[in-house]
Every structure is written in C-alpha cells, then in structure tokens.
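Below is one structure, written out as structure tokens; the observations come after it.
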Amino acid sequence: MEIKIARDAGFCFGVERAVEIVRKKAQKGEIYTLGPLIHNPPMIEKLEREGVFPLTREAEVKGKRVVIPSHGLPPKKFEEVLQEAEEVIDATCPFVKRAQDMAKRLEKEGYTVVIIGDSEHPEVKGIAGNLKNSPLIFSCVEEVPQVLPKRIGIVCQTTMNISRVKEIIASLLDKVEELKFVHTICNATAARQQALRDILKDVDGVIVIGGKNSGNTRRLYKISVEAGKRTWWIERSGELEGETFDNIKKMGITAGASTPEWVIQEVVEYLEGL
Ligand code: SF4
C-alpha cells in the first residue's frame, strides 16, 4: 500500500510550543494544566508520565505549579490563579494573545467589540474577559441581532472558518455606520483542511488521526467522508488492527492540530508493516 501524508498534518505552532513549555517545566517537578493541555488523549497520557497533570477544577490550583493552556484565560481568572498558585506558567498561544490585544485596542478606539466565535469556548471567554464592556458574540448569521451599535470592531476566534466569517460580516454591513475588522483567524486549521482536500483526489481511503474530543479533527473526518472516501478516525495505530483495507492502493493520512508527530509515525509504521 502506498501512503500519502497531507502536507499540513499534526501539531500546530501553538500546541507544539505549549507542549515544549510544559515538558521543560516538568523536569523540575510536577505541574498542572487548567483543563487538558490539548485534545489528544495519547499525548495527555504521555505528558502525565512526565509529570504534567490536568486539573479538573480551578479550586485545585492552591500551592501548585499551574499552566495556562494555549487558548488562554480571562485576566480576572488569571489573576486569581496568580494569587493561589505557587507558580504560573503561561502557555497562551501568541495568536490567541494577539486576538485578545486587538479586541482591547478596538475597545480603546471606541468601537463596540464583536467577537465572531463560540461564546462557550474558553478562548472566546478569554478574549471577552480582557474587555471593560461585554462584547457581542455571534457564531453564525442567525445569531446576529436586528439592531446593532453604530460603530463595531470585529475580531474572530482563531479557529473560525473564514467563509462563515465573511457571511456574518456581510450580514452586518447594512446594520451599522462603521465597521472595523481585524483578521485574527490563525490559518493552522484551514491549512490542514486544504492539505487534506489536496490529496483526496489521489487516494482511495483516508486515516484521520486525532482525539475524539478534538473539533478540528472532527472537521477533517467530515471533509473526507463528504468527499466519499472510506475514512478511519483513530487516536492510536492499535485501533487499525484487524482492518483489511480491501481495494486501498493508496492511503491518505491527515491529523488534527493536537496530534503529535510520534502518533502519526506509529500509524505509518503500522501500515508499512502490513
Ligand atoms: S490553532 Fe492557531 S491559534 Fe490555536 S493554538 Fe494552534 S497556532 Fe495557536
């Protein structure tokens, strides 16, 4: 079987950076992340063996060395953690930090801030928590209210789909007098999706590697299925045992932004060994 790995697959810059930061810090003793550092169970298990543990409740930070994950934290919560923890290790992705800073700048310039994103996502809560006034938050055209303030300044959750953002902005145009848009979408997710689309025509099937709790991996799986390809979504190579891969001459491989390279290699080696 021939194997074709998508050009962009696996760890994005922000996740790789966060993992490097915690690994280095864990060499000096146990550290704790506020929630899972990334949405990839095999990597979380590996990190636990190196002394990096997820905290399930923020109340548990007292006296611990605590990591702020790549999607950031609202400053009020950051401050609380700073008071309680023995040490705070900030692994906020610089792209997320930029979205926070741009939102603050728009507010300072007198715009009512609009965040295009999922209001329940920790990253969006982090951007909103950096502002003096509550921002407006929409994730789709249907959520846009009929009446809007005259001057609005827009930032996006870094993982938003650009087509969706364009649709939302188009729906705002006849409701406002002035609109300023700061492009804060990070292209890691879009690049993985495009790289998968680019190999789809050449392959007979696709293995998507990534956590079952990872939204961007789910989107990769959907793209492959919608293209009519036989698709396997796995977290580890062991899940392929027993598969016969009938009629698959060329297999495409892609992986979500939280999937480490060693998990991808494990799958490649498994397929090569068949
Ligand atoms: S997807 Fe982009 S913004 Fe999010 S952690 Fe990765 S590099 Fe940073």
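Counting starts at 1 for both ligands and their atoms, in listed order.
- Close approach of ligand 1 to Gly14 is summarised as follows: ligand atoms under 4.0 Å from at least one heavy atom of the residue are 5 (S), 6 (Fe), 7 (S), 8 (Fe).
- His121 and His71 have perpendicular rings, their planes meeting at more than 60° on a 0 to 90° scale where under 30° would count as parallel.
- By the 4.0 Å N-to-carboxylate-O rule, Glu120 lies close enough to Lys125 to be salt-bridged with it.
- Atom 6 (Fe) of ligand 1 has Cys12 among its coordinating residues (N/O/S atom, backbone or side chain, under 2.8 Å).
- Of all atoms in ligand 1, numbered sequentially from 1 with element shown, those under 4.0 Å from a heavy atom of Cys186 are 1 (S), 2 (Fe), 3 (S), 7 (S).
- Looking at Gln265 and Glu261, their side chains do bring a donor and an acceptor atom within 3.5 Å of each other.
- The side-chain contact (heavy atoms from CB on, under 4.5 Å) test with Thr217 is passed by exactly one of Thr254, Val208, Asn40, Ile209: Val208.
- The protein heavy-atom contact nearest to atom 3 (S) of ligand 1 is Thr158 OG1, 3.5 Å.
- Proximity annotation for atom 8 (Fe) of ligand 1: of Ala99, Cys93, Pro94, Cys93 comes nearest, heavy atoms only.
- Under 3.5 Å, the side chains of Tyr270 and Glu241 contain no donor-acceptor pair of N or O atoms.
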